[in-house]
Amino acid sequence: MNMREFATFEERLSAWTTDTMQTVFGLEESSVKLGVSPTQNETFGDYQCNAAMELAKVLKKAPRQIAQEFSDAAKLPDFVEKIEIAGPGFINFFLSNAALAEHIQSLENDSHLGVEQAGQGKTVVIDYSSPNVAKPMHIGHIRSTVIGNAIDRLYRFLGYNVVADNHLGDWGTQFGLMMVGFRSFVDEEALAEAPVEELERVYIASYNKSKEDPTWRDEAKKELVKLQQGDAENLALWKQFIELSIKEFDTIYDRLDVKFDLYRGESFYNEQLPKMIETLEGRGLAVESDGALIVDLEEDGMPVCIVRKSDGGYNYATTDLATVQSRIEEFDPERIIYVTDERQQLHFRQFFTIAKKLGMDANLVHVWFGLMRLPEATFSTREGNVIKLAALLDEAEARALEMVKSSSPDMPKEQQKELARAIGIGAIKYTDLSQNPQSLVTFTWEKALNMEGNSAPYLQYAYARISSVYDKFHAKYPDAELSQYPIIIEHELERRIAIKLSRFPAAVRAAAENYRPNIMADYLYDLAQIYSSFYQNVPFLKADEGIRESRIRLCRATAATLRKGLDLLGIETPERI
RNA sequence: GCCCCGGUAGCUCAGCUGGAUAGAGCAACGGACUUCUAAUCCGUAGGUCCCAGGUUCGAAUCCUGGCCGGGGCGCCA
């Protein structure tokens with residue numbers, strides 16, 4: 001067994017049980033899982049091994065007998081206090097308090113809190129947020145942005161070289177309508193005030209006019225062709241649309257603390273499209289059908305995929321293929337992750353399949369999430385029930401400010417505002433991140449702005465309380481050298497915190513591997529709950545010397561974990577609330 | 001018609017790589033602030049895990065078939 005320095009108890013124990021099982025029962029490589037998993041109920045111990053039940057058939061023995069023979073033959077690792085056989089044949093392991101204490105102490109000096117740098121030397125491209133130019137971001141965009149960003153942060157923390165790319169929708173037929181619309185009825189004043197909103201208004205007006213006025217429609221088409229052919233004037237206007245849009249998107253990203261490495265819109269890959277078509281044709285993958293060029297995916301159980309329209313224009317499948325090609329050549333990624341809503345599943349399955357047929361060598365992953373809808377209906381611009389992202393953030397900050405004002409009336413105004421920002425934005429993010437991404441989500445203001453119970457402010461509050469305790473400790477005992485007092489695990493709540501802290505790496509890994517930040521959110525909420533109970537029921541500063549310092553150290557370890565975990569979700573941890 | 005998701009407490013949701021008594025928050029009820037921050041804690045109550053079969057020592061979790069709800073299915077992205 002060659003274990004790295006900060007291997008988790010679960011890893012060490014699993015390696016040991018696997019090894020021991022194989023030796024005791026003379027097992028070769030078998031399909032039976034011989035490792036351990038965390039128990040769901042702490043009265044059963046800390047980890048359990050379920051192999052005895054599964055081995056019953058293979059070994060032709062009763063499960064409990066297998067468990068007993070294992071237990072009799074085994075020489076327990078030093079970090080295990082005792083082992084118990086229960087129920088039909090569960091083998092339960094109880095970690096020793098001393099080993100737990102020592103483990104938590106060792107984490108104090110590890111900036112990665114026991115998390116292995118599994119991504120060293122590997123690159124992953126994450127494509128997320130990706131709003132359309134000239135359309136304001138609304139609450140439908142928040143999921144891709146917030147979930148994508150959390151995945152981004154998780155992978156960076158695991159040591160991956162992450163390329164976060166905002167694949168803007170900056171190319172397409174809508175720009176013809178934009179051009180003619182803009183020239184005819186843009187309101188300069190409105191444009192200066194809220195650029196993207198005005199651009200959207202212009203687009204809608206132009207679109208509506210095109211439906212009744214064929215001349216207008218033709219005009220739009222003409223301008224689109226001019227743009228595509230590189231007409232200087234149209235190109236300049238188009239660039240203006242993009243600049244205005246990005247500028248406004250960036251104010252949202254700043255508020256959300258989301259940063260991209262690249263802003264490469266679809267237009268970036270434009271010149272590569274004809275070559276992509278050539279490749280597809282050359283490989284015999286693309287064939288003509290009804291004037292369009294398609295890839296037949298019937299044998300893959302999917303409908304055909306159009307790669308060139310009958311008017312000669314390209315679609316998104318082509319762009320996406322060119323994008324993959326380009327990313328592979330430039331970054332050589334081990335994986336490319338796309339974060340979009342569920343409606344695009346078929347599209348991704350199609351172009352992933354084509355990419356594979358073309359021999360593109362990267363692991364393509366589509367992380368999709370359920371659509372957001374209102375209790376009474378789905379969102380639609382036509383219904384006018386779209387909630388702008390900026391408005392949502394404003395509301396969250398305003399509501400948080402009310403709470404800050406009432407709970408900290410003496411705090412300077414500026415500080416109150418700053419605090420309200422961190423809390424309000426945190427609450428919004430957490431709401432999205434704490435749910436299974438694939439669930440359908442119903443938007444309610446009440447839920448989005450929840451600041452009690454399972455919410456970001458609850459976690460932030462727990463963190464702030466620790467900071468406060470820590471400060472008071474130092475004020476009261478300015479000369480105390482914490483490192484001279486060992487961590488002592490005695491109280492049940494101390495033990496529960498220690499166990500939970502030791503499982504942070506598993507939570508990080510599971511969240512990253514499954515592309516599900518809610519696993520991290522769940523973990524943190526659990527930890528904060530245990531801590532809150534600890535805080536409320538066990539004295540720290542009033543405890544005797546030794547116990548006092550030990551508990552402060554546990555607090556500090558908890559704070560470090562909460563802070564890092566929340567950071568992985570993109571949520572700030574103010575020192576005071 | 002075909003494909004993908006969801007259906008768990010009054011409401012909003014976790015849990016779904018099978019494990020031993022199904023969990024939170026909100027709402028309800030009852031307690032705890034001269035104490036380390038009550039955005040908190042402690043407790044009570046609340047469940048045909050959509051239905052019916054199947055696999056298994058063991059199913060909310062896996063399989064099949066239904067029923068509801070959402071989404072997608074050739075020139076939008």
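Note on naming: letters A, B, ... go to the chains in the order of the sequence lines (proteins, then strands), and numbering restarts at 1 for each one. Note that the structure is predicted; figures quoted are calculated from it, not measured.
For the C1' atoms, the distance from B:rG58 to B:rA22 is 15 Å, rounded to whole Å. Between the C1' atoms of B:rC5 and B:rC50, the separation comes to 16 Å (whole Å).
OP1 or OP2 of B:rG74 has not a single side-chain nitrogen or oxygen of A:K309 nearer than 4.0 Å. Considering only side-chain N and O atoms, A:Y458 lies under 4.0 angstrom from the phosphate OP1 or OP2 of B:rC41.
Nearest nucleotide to the side chain of A:Q536, out of B:rA14, B:rC41, B:rA20: B:rC41.
With its glycosidic angle more than 90° from 0, B:rC68 is assigned anti.
Within the shown strands, B:rC13 is the pairing partner of B:rG23 under the Watson-Crick or G-U definition, both distances less than 3.5 Å.
No donor-acceptor contact under 3.5 Å links the side chain of A:D290 to the base of B:rG74. Within 3.5 Å, a donor on the side chain of A:N41 pairs with an acceptor on the base of B:rU21, or the reverse.
Among the heavy atoms of the strands lying under 4.0 Å from A:S533 are primed sugar atoms or P, OP1, OP2 only; no base atom is included.
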- Just by protein heavy atoms under 4.0 Å, how would nucleotides 58-64 of chain B read 5' to 3' in B, S and -? -------
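Both tests pass for A:R503 against the ring of A:Y47: distance under 6.0 Å to the centre and angle within 45° of the axis.
Residue A:G87 is the one, among A:G87 and A:N315, whose nearest nucleotide of RNA chain B lies closer to the 5' end (criterion: closest heavy atom).
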